[in-house]
Amino acid sequence: MTDRVVVAGAVFDGGRLLAARRSAPPALAGRWELPGGKLEPGETAQEALVRELREELGVEIEPGERIPGEWPLAPGYVLHVWTARLVSGEPRPLQDHDELRWLDRRELDNVDWLDQDRPAVSRAARHLPPAPPA
């Protein structure tokens with residue numbers, strides 16, 4: 001049996017990456033992730049990403065390229081991450097999250113990422129502009 005795909009968006013805007021803090025389930029609450037959700041039957045990964053970010057954050061995004069790699073989640077699930085550009089709306093934590101933050105390259109380590117999101121965030125960071133000199 002193949003793993004069920006969970007899509008997440010590395011959403012970029014103004015040289016920053018969007019991070020979302022989980023509010024549920026309790027085991028994940030308070031930790032940060034790239035927002036997204038499960039692929040539904042008949043959907044492409046890009047369609048699922050657009051739908052999930054509309055539902056969870058109230059925004060419209062344009063999917064970009066898939067970030068190489070896949071990361072195991074709970075048994076039977078695997079994470080695929082896509083770059084995404086914010087097209088319209090201001091992200092709000094509508095479902096499954098209680099806080100959002102835009103992080104520049106220097107701020108990526110300021111939040112407690114979920115373990116399975118760390119390698120994806122590291123790869124997504126390659127799409128951010130270099131940090132300005134301190």
Side-chain angles (χ1 to χ4, degrees):
M1 182 177 146
T2 58
D3 288 331
R4 185 153 178 212
V5 172
V6 174
V7 295
V11 180
F12 296 101
D13 189 53
R16 298 172 303 160
L17 175 67
L18 184 63
R21 188 171 69 184
R22 298 275 326 186
S23 57
L28 304 179
R31 298 196 65 199
W32 294 78
E33 69 176 359
L34 298 171
K38 296 176 189 79
L39 191 67
E40 297 296 337
E43 276 184 321
T44 67
Q46 294 96 328
E47 289 167 344
L49 186 60
V50 168
R51 176 185 52 76
E52 285 287 345
L53 296 189
R54 185 182 297 135
E55 292 171 0
E56 289 189 2
L57 306 177
V59 296
E60 295 299 322
I61 58 103
E62 179 183 325
E65 64 191 64
R66 180 157 165 220
I67 292 177
E70 63 178 36
W71 299 276
L73 300 173
Y77 292 91
V78 64
L79 178 66
H80 291 183
V81 178
W82 295 78
T83 63
R85 183 178 66 83
L86 187 62
V87 174
S88 68
E90 184 64 34
R92 299 179 317 281
L94 303 175
Q95 286 183 13
D96 302 325
H97 303 103
D98 61 3
E99 187 179 338
L100 303 175
R101 283 190 198 162
W102 287 105
L103 304 172
D104 68 24
R105 182 180 287 278
R106 290 174 306 207
E107 298 167 321
L108 291 176
D109 293 330
N110 291 358
V111 299
D112 182 19
W113 294 100
L114 290 170
D115 295 340
Q116 61 269 24
D117 280 47
R118 288 180 189 277
V121 168
S122 177
R123 292 205 174 161
R126 297 175 188 169
H127 295 267
L128 290 169

Query raised in the report: Can any side-chain N or O of Arg123 pair as donor or acceptor with the backbone N or O of Pro68 at less than 3.5 Å?
Result: yes
Requested in this report: State, yes or no, whether a side-chain contact exists between Leu18 and Trp102 at a heavy-atom distance under 4.5 Å.
Outcome: yes
Report summary line: Distance col, row Ile67:CD1 vs Trp82:CH2, nearest 0.5 angstrom, shows 10.5 Å
Query raised in the report: If you round to the nearest 0.5 Å, how far is CH2 of Trp32 from CG of Leu114?
Result: 11.0 Å
Query - CG on Leu108 to CZ on Arg101, rounded to 0.5 Å - result: 12.0 Å
Query - Side-chain (Arg31) to main-chain (Trp113) donor-acceptor, under 3.5 angstrom - result: yes
Query raised in the report: Salt-bridged, Asp109 to Arg118, with N to O below 4.0 Å?
Result: no
**Report entry** Side-chain donor or acceptor of Ser23 paired with backbone N/O of Asp96 under 3.5 Å
**Finding:** yes
**Report entry** Test item: Leu34 and Leu79 side chains (from C-beta on) under 4.5 Å apart, heavy atoms
**Finding:** no
Query raised in the report: Is there a path from Val81 to Leu86 through hydrophobic residues (I, L, V, M, F, W, Y) whose side chains come within less than 4.5 Å of each other?
Result: no
Report task. For Ala48 and Glu43, work out which heavy atoms get closest and say how close. Result -> CB-OE1, 3.3 Å
Query raised in the report: Can Arg51 and Glu47 be counted as an ion pair, charged N to O under 4.0 angstrom?
Result: no
Requested in this report: With rounding to the nearest 0.5 Å, note down the distance linking CZ in Arg105 to CZ in Arg126.
Outcome: 10.0 Å
Query raised in the report: Side-chain contact, heavy-atom cut-off 4.5 Å: Val50 with Glu60?
Result: yes
Query raised in the report: Does any N or O in the side chain of Arg85 come within less than 3.5 Å of the main-chain N or O of Gly64, such that one atom is a donor and the other an acceptor?
Result: no
Query raised in the report: If you look at every heavy atom in Phe12 and Ala124, which pair is closest and at what distance?
Result: CZ-O, 3.4 Å
Query raised in the report: Do Gln46 and Leu49 have side chains that get closer than 4.5 Å, going by heavy atoms?
Result: no
Query - Donor-acceptor pair, side chain of His97 and main chain of Gln95, under 3.5 angstrom - result: yes
Report task. Check each of Asp98, Asp117, Asp112 against Arg21 using the salt bridge (Lys or Arg N to Asp or Glu O under 4.0 Å) test, and report the only one that passes. Result -> Asp98
Report task. Heavy atoms only: give me the nearest Pro93-Leu100 pair and the separation to one decimal. Result -> N-CD1, 3.7 Å
Report summary line: Closest non-hydrogen atoms of Ala84 and Ile61, given as atom of the first, atom of the second and distance, are CB-CD1, 3.9 Å
Query - Beyond-backbone contact of Leu39 with Val6, side-chain heavy atoms, under 4.5 angstrom - result: no
Query raised in the report: If you group Ile, Leu, Val, Met, Phe, Trp and Tyr by side-chain heavy-atom gaps below 4.5 Å, do Val7 and Trp71 land in one group?
Result: no
Query raised in the report: With no hydrogens and no angle check, is any side-chain donor or acceptor of Glu55 less than 3.5 Å from a backbone partner on Glu52?
Result: no
Query raised in the report: What's the verdict on side-chain contact (heavy atoms from CB on, under 4.5 Å) for Val78 and Leu73, showing C-alpha distance, side-chain angles and the deciding distance?
Result: CA-CA 5 Å; Val78 64; Leu73 300 173; over 6 Å; no
